[in-house]
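Side chains are part of it too, since the values below use all heavy atoms of this structure and drop only hydrogens, waters and symmetry mates.
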Amino acid sequence: MISYENYLEGKKVAMVASGGSLKGKGLGKLIDSYDIVVRLNRALPLDSSKSEDVGERTDVLYNTLDAWPDAGGPIDGPLWKNCGVKYVCSTYPKSEYFTYPERSEGLDDIIPTRWVSDSLYYPIRDQVVGRPNSGTIALVDLLSFKLKEVRLFGLDFFRTLYDTGYLKEGGNIQDFERLLATNPDRHDPDSQYLFFKNVLYANDKRIKIDDNFEKILSDPSYDSMYFKGE
């Protein structure tokens, strides 16, 4: 099996999340045209009726590997392999207190599985408020390799919220805030967004985005959207 490093080298990568911004855009064929298609957590294209917008291929799956229904979802190696997944990458290192490596025991026997390293993860955690989300970690991990380009699809750090078919609280800011507030070590969407805007996108020209996200980045009103009442 080719190493993950060699697999990514020189490739154009489509990174697909479950943002509501994908709905109705008909980007499926464009997504599938990339050398490698990466998806996050439960964003596997299992519903063929959505393929026009989200595509059909999945080559790499970044997953929390926690088996929680509202996070990474069930760990199903045979299903993932049947979907064409060639590599599974955990978005958190085994050393994090909230990870459960035992839940994915045996997965590597089905699909090559790797865990994000401490040396990549903890510097990111030190730069954002709360727990880094899967999209942030997956993007930084991908950029640590010599890929040619990574184009973001449906990943805008909750500026346009999430497809409610993926996350029931994803279509409303107040509902999403209530969901986040249940976890004392919650994600901070604004902090993640600013880290992307000011650190990642500002300094790595391999990151490609669409015109709508470009407009969001140029509009300061999007810098702060959540927990304004605190």
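- The closest donor-acceptor contact from the side chain of R206 to the backbone of K146 lies at 3.5 Å or more, if one exists at all.
- Proximity of a side-chain donor or acceptor of N41 to a complementary backbone N or O of T64 within less than 3.5 Å is detected.
- Side-chain atoms of T91 do not come within 3.5 Å of backbone N or O of S134 as any donor-acceptor pair.
- By the rule that hydrophobic residues join a cluster once side-chain heavy atoms approach within less than 4.5 Å of another member, L27 and L155 end up as members of separate clusters.
- Considering only heavy atoms from C-beta on, L44 comes within 4.5 Å of W80 through its side chain.
- By the 4.5 Å heavy-atom criterion applied to side chains, L61 and I111 are not counted as neighbours.
- Cluster membership check: V140 shares its hydrophobic cluster with V60, using side-chain heavy-atom separations under 4.5 Å among Ile, Leu, Val, Met, Phe, Trp and Tyr.
- Within the 3.5 Å criterion, the main-chain N or O of G55 finds no donor-acceptor partner in the side chain of D32.
- Classified by interplanar angle (parallel below 30°, tilted 30° to 60°, perpendicular above 60°), the ring pair Y7/Y87 is tilted.
- Proximity of a side-chain donor or acceptor of N63 to a complementary backbone N or O of S90 within less than 3.5 Å is not detected.
- Side-chain N or O atoms of D59 include none that pairs as donor or acceptor with a backbone N or O of V85 at under 3.5 Å.
- Side-chain N or O atoms of R114 include none that pairs as donor or acceptor with a backbone N or O of C89 at under 3.5 Å.
- A cation-pi arrangement, defined by a distance under 6.0 Å to the six-membered ring centre and an angle within 45 degrees of its axis, is absent between R125 and Y122.
- D35 meets the salt bridge (charged side-chain N to carboxylate O under 4.0 Å, His left out) test with no other residue; sequence neighbours excluded.
- Checked by atom type and distance alone, the side chain of R159 pairs as donor or acceptor with a backbone atom of F157 at under 3.5 Å.
- Ring pair Y222/F213: centre-to-centre distance not below 6.0 Å.
- Side-chain contact of E214 with Y201: a donor-acceptor pair under 3.5 Å is present, judged by distance alone.
- Geometrically, R151 does not engage Y34 in a cation-pi contact, judged by NZ or CZ lying under 6.0 Å from the ring centre and within 45° of the ring axis.
- By the 4.0 Å N-to-carboxylate-O rule, R131 lies too far from E96 to be salt-bridged with it.
- A continuous path of hydrophobic side-chain contacts links L40 to L120 [ILVMFWY only; heavy atoms under 4.5 Å].
- Residues forming a salt bridge (charged side-chain N to carboxylate O under 4.0 Å, His left out) with D223 (at least two apart in sequence, or on another chain): K197.
- Using modelled atom types and a 3.5 Å distance limit, the side chains of Y62 and D141 yield a donor-acceptor pair.
- Checked against the 6.0 Å centroid criterion, the rings of Y193 and F158 do not qualify as a close aromatic pair.
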